[in-house]
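Report on the following structure.
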Amino acid sequence: MNIYNYFNSFIKAEIKELQLKDKLPLDSIIDGISVDPPRQINHGDLACNAAMVLAKKVKLDPISIAKLISKRIITHSDVEKVDIAGPGFLNITLKKNVWHDQLRNVLKAGEKFGDSEIGKGKSINVEYVSANPTGPLHVGHARGAVFGDVLSSLLEKTGYEVTREYYINDAGAQIDILARSLYRRYCEKLGQESYEKPEGFYPGEYLIDLADKLVIKDKKHWLDKPESEWLPELSRYTVDEMMKLIRKDLSDLGIEQSTFISEKSIVERGMVDTVLNMLDEKGLIYTGVLEPPKGMKPESWEERPQKLFRSTSFGDDIDRPLKKSDDSWTYFASDLAYHLDKYKRGFTNLINVWGADHGGYIKRVQAGINALTEGNVNLDIKLCQLVRLLENGEAAKMSKRAGTYVTISELVDYVGRDVVRFIMLTRKNDAQLDFDIIKAQEQSRDNPVFYVQYAHARSYSVERMAKDAFNAQSFDYKNLQKCDLSLLNGSDELALIKLIALWPRIVEMASEAQEPHRIAFYLNELASSFHSLWSKVREDESFRFVVTDNLELTQARLALVCGLRTVISSGLNILGVEPLEELRG
RNA sequence: GCGCCCGUAGCUCAGCUGGAUAGAGCGUCGGCCUUCUAAGCCGAAUGUCGCAGGUUCGAAUCCUGCCGGGCGCGCCA
């Protein structure tokens, strides 16, 4: 438990005591009470709004309530002093040894420091990427992929049991087109061009490569055969091969999902019919005619009765069609079946990571899943906005393999996996992201990946020097845990310890908000704080980490550096970025 | 037309789900290398938090209405 939560519970308990002793009314509200790190340094270590929250319902002024509570808080052995400030804030200053103990906890717990149990006993299904198996992944997919992967790690860090899932859209019409495109390439290989390029032809080079493989595998077997003979087989073959490509791309990014669910298998198991029957039984299906959307030119619009799901009963804007004009299921229908499948596999907490262009789809899926599960499922949908690839501020143009877009493997080859992963998290998921592939490789303050890695590497640099100056054994973790941390009493050192001690809170809040970018921002701040302390020695010799005539002080300072390193490394591990011990070769 | 997202320093963005005097980087200007790696650090200047109302002890944050930008809106997935 982090100290903010700890004091939150403590203060609430004390307030209950006061209520029992009739000092405060019993019905006063405790819910909105929070304990936070204050923004201003002179506001102490913890700021609590309890008095103001209580004053809301009780007809007492906040200041006198604050006085009442502060008398209780001051009895805690960790508390140095309590100030009442502003409109009724309780500003709590903790004894220095509390912070020293926090640092000691980091050294004892190692990377487990920051683990939380807020998700203990809960399982959650995170579905991400789920790109159509029609070609290699591109940059837009990379963002959703990294986001989903890091969100999963973050949830695991806070105790959730996470299933990382990929939904393979291997059933729609675009798969037929893909197979026909491959067939065309196959014919080309064998010197026959009479088979026309199909409508919506996939032009990427990867299909030429695949056609090579197919010729080697099946020789001329499919040549001059009717489509009905080769289409089913080649569809299956192409999807399998595309999924190999995609999984390769994902593994280049360090992503390995445990569960792959095929749309085709959902359909073949009759799940779509099940969904239709369920909705029908609930009276949520009818045949109707949709209005054409206003503001759009309905050129080819023809009014047509179709089978509709009454999603407006569940908060959607219009009712949604389940069947196309050719009587086949819409994507929506099979997607409902897929989500029902998740529920039947035992998941009630679902997260889907989608591209922002699918935003208009959220309400209907939530409506559908609510209808199918009686509201038992909580489905969160995270949208990732576009990524704009830049080269020194100009739009990047480095695409070759896929025809029209930059692929993940091109990007990873160019800047490296760690850079891709980190940069993808330097923006909130729902804000657009500019990814400058030149700047992302710079070794400068501009490049957050470098900046954080540099701080991490510097910690090793200090350790090496300390070990050179004394005997190495004095600095192993066991000895550092036991050393006298009270020697760390400079304001800069204490400030750094406090920032390190913030880590568990950052983790919990990022997890609750489902916002992995907060980890990246925090690491940047932590690195900055360390670089700053590091440079202090230029103004004042006494800031030297390694003090050659003082082993105890050097141990204490190295303990601080190791604590910092542990947190950085633990943060980078959540991001899936490898912490480096040295930056120059 | 409707729905979702966004609007914060010259630029790019944070802002801890309602807290105190709104922050960081870049850029600009001015400092710090006989170095525990200057691949870095320090200082200065910079704001109608899009606009207008509302909710309350307290709003960049929540609600409503505008303005401006992005995405989407049956027979694609």
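Proteins come first, then strands; the chains are lettered A, B, ... in the order of their sequence lines, and each starts at number 1. Both backbone and side-chain heavy atoms feed into the values below; hydrogens, waters and symmetry mates do not.
- Atom CZ of R388(A) is surrounded by 12 or fewer heavy atoms from other residues, nucleotides or ligands within 6.0 Å.
- With a glycosidic angle no further than 90° from 0, C33(B) counts as syn.
- Counting only heavy atoms from C-beta on, R458(A) has its side chain closest to U37(B) among U37(B), C76(B), G19(B).
- Comparing atom distances between the S535(A) side chain and each of C76(B), G15(B), C41(B) picks out C41(B) as nearest.
- Cation-pi geometry between K323(A) and W329(A) is met: the NZ or CZ atom falls under 6.0 Å from the ring centre, inside 45° of the normal.
- Nearest to the side-chain atoms of Q174(A) among the listed nucleotides A77(B), G19(B), U37(B) stands A77(B).
- Inspection of the Q514(A) and N429(A) side chains reveals no N or O donor paired with an N or O acceptor under 3.5 Å.
- Contact annotation for A510(A): no contact, since no heavy-atom pair falls under 4.0 Å across all strands.
- Across all strands shown, U17(B) remains unpaired; no Watson-Crick or G-U wobble contact has both distances below 3.5 Å.
- No engagement by E442(A) is indicated, since no non-hydrogen atom pair under 4.0 Å with the nucleic acid exists.
- Within 4.0 Å (heavy atoms only), D83(A) reaches no atom of the nucleic acid at all.
- Mapping H517(A) and E539(A) onto RNA chain B by nearest heavy atom places H517(A) closer to the 5' end of the strand.
- For the pair D446(A) CG and C13(B) C1', the interatomic distance rounds to 14 Å; values are reported in whole Å.
- Residue contacts shown for S325(A) include a base, since a base heavy atom lies under 4.0 Å away.
- Looking at the side chain of P293(A), the nearest of the listed nucleotides G1(B), U37(B), G15(B) is G1(B).
- Residue A466(A) is classed as having no contact, given no heavy-atom separation below 4.0 Å to the nucleic acid.
- Distances were taken from every side-chain heavy atom of R518(A) (C-beta onward) to each of C57(B), A77(B), G15(B); the shortest belongs to G15(B).
- To the nearest whole angstrom, the two C1' atoms, one in A60(B) and one in C49(B), are 5 Å apart.
- For the pair R364(A) and F309(A), the cation-pi test (distance below 6.0 Å, angle within 45°) is failed.
- A14(B) and G53(B) are spaced 28 Å apart, taking the P atom of each and rounding to whole Å.
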Contact pattern, 5' to 3', of nucleotides 2-11 of chain B - B, S or - by protein heavy atom under 4.0 Å
-S-SS-----
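- Across all strands shown, A52(B) pairs with U64(B); the Watson-Crick or G-U wobble distances both stay below 3.5 Å.
- The C1' atoms of G19(B) and A59(B) are separated by 10 Å, rounded to the nearest whole Å.
- A salt bridge links R505(A) and D36(A); the closest N-O separation between the charged side-chain nitrogens and carboxylate oxygens is under 4.0 Å.
- For the P atom pair drawn from U17(B) and U61(B), the interatomic distance equals 15 Å after rounding to whole Å.
- Among the nucleotides U21(B), G19(B), A77(B), the one closest to any side-chain atom of Y331(A) is A77(B).
- Straight-line distance from the CD1 atom of I318(A) to the P atom of G1(B): 17 Å, rounded to whole Å.
- Across G23(B) and A44(B), the matching P atoms stand 13 Å from one another, rounded to whole Å.
- Comparing H531(A) and R544(A) against RNA chain B, the residue whose closest nucleotide sits nearer the 5' end is R544(A).
- In this entry the distance linking CG of D335(A) with C1' of C76(B) reads 13 Å, nearest Å.
- Picking from C57(B), A14(B), A77(B) the nucleotide with the shortest atom distance to the side chain of R427(A) gives A14(B).
- Counting to the nearest Å, the C1' atom of G19(B) and the CG atom of N49(A) are 7 Å from each other.
- Residues P37(A) and D45(A) have side chains not in contact (no heavy-atom distance under 4.5 Å, counting atoms from C-beta outward).
- Here Y451(A) reaches the OP1 or OP2 of C41(B): one of its side-chain N or O atoms lies under 4.0 Å away.
- Using a cut-off of 4.0 Å between Lys/Arg side-chain N and Asp/Glu carboxylate O, R518(A) and E515(A) are scored as salt-bridged.
- Between D83(A) and K81(A) there is a salt bridge, with a side-chain nitrogen of the basic residue lying less than 4.0 Å from a carboxylate oxygen of the acidic one.
- In this structure, K264(A) places its NZ atom 16 Å from P of A77(B), rounding to the nearest Å.
- For L526(A) and A24(B), the CG to C1' distance is 15 Å, given to the nearest whole Å.
- A gap of 10 Å separates the C1' atoms of U8(B) and G50(B), to the nearest Å.
- Backbone-only contact: Q432(A) has heavy atoms under 4.0 Å from sugar-phosphate atoms and none from a base.
- Using a 4.0 Å heavy-atom distance criterion, A47(A) is classed as a base contact.
- A straight line from CD1 of I266(A) to P of A77(B) spans 16 Å, rounded to a whole angstrom.
- Straight-line distance from the CD atom of E508(A) to the P atom of U17(B): 12 Å, rounded to whole Å.
- Between R565(A) and E463(A) there is a salt bridge, since at least one side-chain N of the basic residue sits less than 4.0 Å from a carboxylate O of the acidic one.
- Contact check, S532(A) against C41(B): no side-chain N or O comes under 4.0 Å of OP1 or OP2.
- E541(A) and R544(A) are joined by a salt bridge, as a carboxylate oxygen and a charged side-chain nitrogen come within less than 4.0 angstrom of each other.
- Candidate nucleotides A14(B), C71(B), G74(B) were compared by shortest atom distance to the side chain of L290(A), and G74(B) ranks first.
- Nucleotide C73(B) forms a Watson-Crick or G-U wobble pair with G1(B), both donor-acceptor distances falling under 3.5 Å.
- The base-pairing partner of C32(B), taking Watson-Crick or G-U wobble contacts with both distances under 3.5 Å, is G40(B).
- Base pairing analysis places C26(B) opposite G10(B); the two distances defining the Watson-Crick or G-U wobble pair are each below 3.5 Å.
- Each of A77(B), U37(B), U17(B) was ranked by its minimum atom distance to the side chain of A513(A); first place goes to U17(B).
- Salt bridge R320(A)/D316(A): present, at least one basic N to carboxylate O contact under 4.0 Å.
- Nucleotides C26(B) and G65(B), compared at atom P, are 41 Å apart to the nearest Å.
- You'll find that the side chain of P87(A) is closest to G19(B), out of G19(B), G40(B), A77(B).
- U8(B) has its base anti relative to the sugar, with a glycosidic angle deviating from 0 by more than 90°.
- In Q441(A), the CD atom is crowded: over 12 heavy atoms of neighbouring residues, nucleotides or ligands sit closer than 6.0 Å.
- Taking atom P in both G18(B) and U37(B), the straight-line distance is 45 Å, to the nearest Å.
- For a distance-only test at 3.5 Å, the side chain of R445(A) fails to qualify as a donor-acceptor partner of the base of C26(B).
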